[in-house]
Enquirer: 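Before we start, here is the structure in question, set down as structure tokens.
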There are 2 protein chains.
Amino acid sequence: MARKAVTPPVRGSRSGRPIMVLLDALGQRWTLRILWELTPGPLSFRDLRERCDQVSPTVLNGRLKLLREMALVEREEGAGYRLTPQGQELGVRLLDLNHWAEHWARD
Amino acid sequence: MARKAVTPPVRGSRSGRPIMVLLDALGQRWTLRILWELTPGPLSFRDLRERCDQVSPTVLNGRLKLLREMALVEREEGAGYRLTPQGQELGVRLLDLNHWAEHWARD
DNA sequence: TCTTTCGCTACGGAAAGTGTAGCGACCCGA
DNA sequence: TCGGGTCGCTACACTTTCCGTAGCGAAAGA
């Protein structure tokens, strides 16, 4: 498919629209979950893995790499991984989503 | 989710927390994109597929089935697929996300 | 030195996604 | 009444991604 792509790895869409880049990244399994688990505070690689239902380290590392490239997550010596300020802004949206989900579950 | 009842497999998490169900569903490829493409208005199966970079009909149908079970999307005779009121609430959040993404892209 | 914990990688098997072809139902104009 | 077009959707073989487990090298105590 074309998604193997020409040059750049944005994979999901060649439109370049930021939302597409975002949707595509968030649409990979565990990405949203990882952000969610990091919103309360920093976590070590292993702890983060545990929170995410023991997701395989291969995938976790891949996602963290992606999220770091997107400047949503960063690694801090000693404290493990944490959201960047930009990542926290996204986290706020996730919290809102959580709020909505609670309500949605009572349909 | 509670809606899908007891036994099976929300796949991502056994916690039952709605946000987990949601994150898991949205974390499947194309799910977020499909919701996004439906926010402006209803689309036929084929049109929707075209908007989603010609995603394979197999996957598209699978996602639509899931989204319908989650009561986020419904099919209307003649008009194709469209968001339910609940789906539209989610769409609002996606629009907000879009707004943020535009800003985020200028990092 | 021995042990523990850290982030992270290797690798083989399993699952999910992809691309193409095409079916049955429906409509519409000839 | 016969194509020809569109609709939603499925079948199926192929490819990519993901998973689960094992384990490495480094660092930090004991």
Side-chain angles (χ1 to χ4, degrees), chain A residues 1-6 8-14 20-21 23-35 37-38 41-69 72-84, chain B residues 8-14 20-21 23-38 41-70 72-84:
Chain A
M1 186 159 185
R3 50 184 55 278
K4 235 292 118 51
V6 198
V10 188
R11 202 203 65 199
S13 170
R14 19 226 152 289
M20 291 305 171
V21 177
L23 289 185
D24 188 57
L26 300 184
Q28 288 183 76
R29 200 157 299 165
W30 299 113
T31 311
L32 274 169
R33 175 71 173 269
I34 289 168
L35 287 171
E37 296 294 349
L38 283 178
L43 287 174
S44 74
F45 187 92
R46 281 170 138 90
D47 285 348
L48 181 55
R49 191 184 165 222
E50 201 155 334
R51 299 255 193 151
C52 293
D53 296 338
Q54 292 292 344
V55 56
S56 78
T58 317
V59 173
L60 178 55
N61 188 41
R63 294 297 184 275
L64 285 172
K65 197 168 292 179
L66 178 67
L67 288 171
R68 278 194 281 177
E69 287 171 5
L72 295 175
V73 163
E74 64 190 353
R75 200 174 104 190
E76 187 188 15
E77 274 310 304
Y81 290 93
R82 65 171 181 184
L83 298 182
T84 63
Chain B
V10 189
R11 200 202 63 204
S13 168
R14 22 227 149 286
M20 291 304 171
V21 177
L23 290 184
D24 187 57
L26 300 184
Q28 288 183 74
R29 198 158 298 163
W30 298 113
T31 311
L32 273 169
R33 175 69 173 270
I34 288 168
L35 285 172
W36 171 254
E37 296 294 349
L38 283 178
L43 286 174
S44 73
F45 187 93
R46 282 169 137 92
D47 285 347
L48 181 55
R49 191 184 166 221
E50 200 155 337
R51 299 257 193 149
C52 293
D53 297 338
Q54 292 292 340
V55 58
S56 78
T58 315
V59 173
L60 178 55
N61 188 41
R63 294 297 184 275
L64 286 172
K65 197 168 295 182
L66 178 66
L67 288 170
R68 279 194 281 177
E69 286 172 6
M70 297 173 74
L72 296 174
V73 163
E74 63 190 354
R75 202 174 103 189
E76 188 188 16
E77 275 309 304
Y81 289 94
R82 66 171 178 183
L83 298 182
T84 64

Enquirer: Take atom CG of Leu43(A) and atom C1' of dC8(C), then tell me their distance rounded to the nearest Å.
Expert: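 Nearest whole value for this atom pair: 17 Å.
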Enquirer: Taking CD from Glu50(A) and P from dG20(D), how many angstroms apart are they, rounded to a whole number?
Expert: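 Between P of dG20(D) and CD of Glu50(A): 15 Å.
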Enquirer: dC8(C), dT18(C), dG8(D): which one has an atom nearest the side-chain heavy atoms of Arg29(B)?
Expert: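 Per side-chain heavy atoms of Arg29(B), the pick is dT18(C).
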Enquirer: State whether Glu37(B) and Arg33(B) are salt-bridged, where the test is any N-O pair (Lys NZ or Arg NE/NH1/NH2 against Asp/Glu carboxylate O) under 4.0 Å.
Expert: yes
Enquirer: Look at Arg75(A) and dC8(C) and indicate whether a side-chain polar atom (N or O) is within less than 4.0 Å of OP1 or OP2.
Expert: yes
Enquirer: Can you identify which nucleotide, out of dC18(D), dT21(D), dG8(D), has its nearest atom closest to the Arg46(B) side chain?
Expert: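 Selected nucleotide (nearest to the side chain): dG8(D).
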Enquirer: Using the closest heavy atom to pick a nucleotide of DNA chain D for each, name whichever of Asp47(B) or Asn61(B) lands nearer the 5' end.
Expert: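 Of the two residues, Asp47(B) wins.
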Enquirer: Within the side chain of Arg63(A), is there an N or O that forms a donor-acceptor pair under 3.5 Å with the backbone of Arg29(A)?
Expert: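 The answer is yes, because a donor-acceptor pair under 3.5 Å joins these two groups.
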Enquirer: When you compare the side chain of Arg75(A) with that of Phe45(A), does any pair of heavy atoms fall below 4.5 Å?
Expert: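 Sidechains of Arg75(A) and Phe45(A): no contact.
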Enquirer: Return the value, rounded to whole Å, for the distance between atom CG of Leu48(A) and atom P of dC8(C).
Expert: 11 Å
Enquirer: Heavy atoms under 4.0 Å, any strand shown: does Arg49(A) hit a base, just sugar-phosphate, or nothing?
Expert: base
Enquirer: Going by the salt bridge (Lys or Arg N to Asp or Glu O under 4.0 Å) test, name the single residue among Lys65(A), Arg68(A), Arg82(A) that passes it with Glu74(A).
Expert: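 Only match with Glu74(A) under salt bridge (Lys or Arg N to Asp or Glu O under 4.0 Å): Arg82(A).
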Enquirer: May I ask you to evaluate whether Trp30(B) reaches the phosphate of dT18(C), defined as a side-chain N or O under 4.0 Å from OP1 or OP2?
Expert: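 Answer is yes, contact under 4.0 Å.
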Enquirer: Considering only dA16(C), dT9(C), dC19(D), which nucleotide approaches the side chain of Arg63(B) most closely?
Expert: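 Nearest listed nucleotide: dA16(C).
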Enquirer: Assign each of Thr58(A) and Gly80(A) to its nearest nucleotide of DNA chain C by heavy atoms, then name whichever residue's nucleotide is nearer the 5' end.
Expert: Gly80(A)
Enquirer: Calculate the interatomic distance between Glu77(A) atom CD and dG7(C) atom C1'; express it in whole Å.
Expert: 10 Å
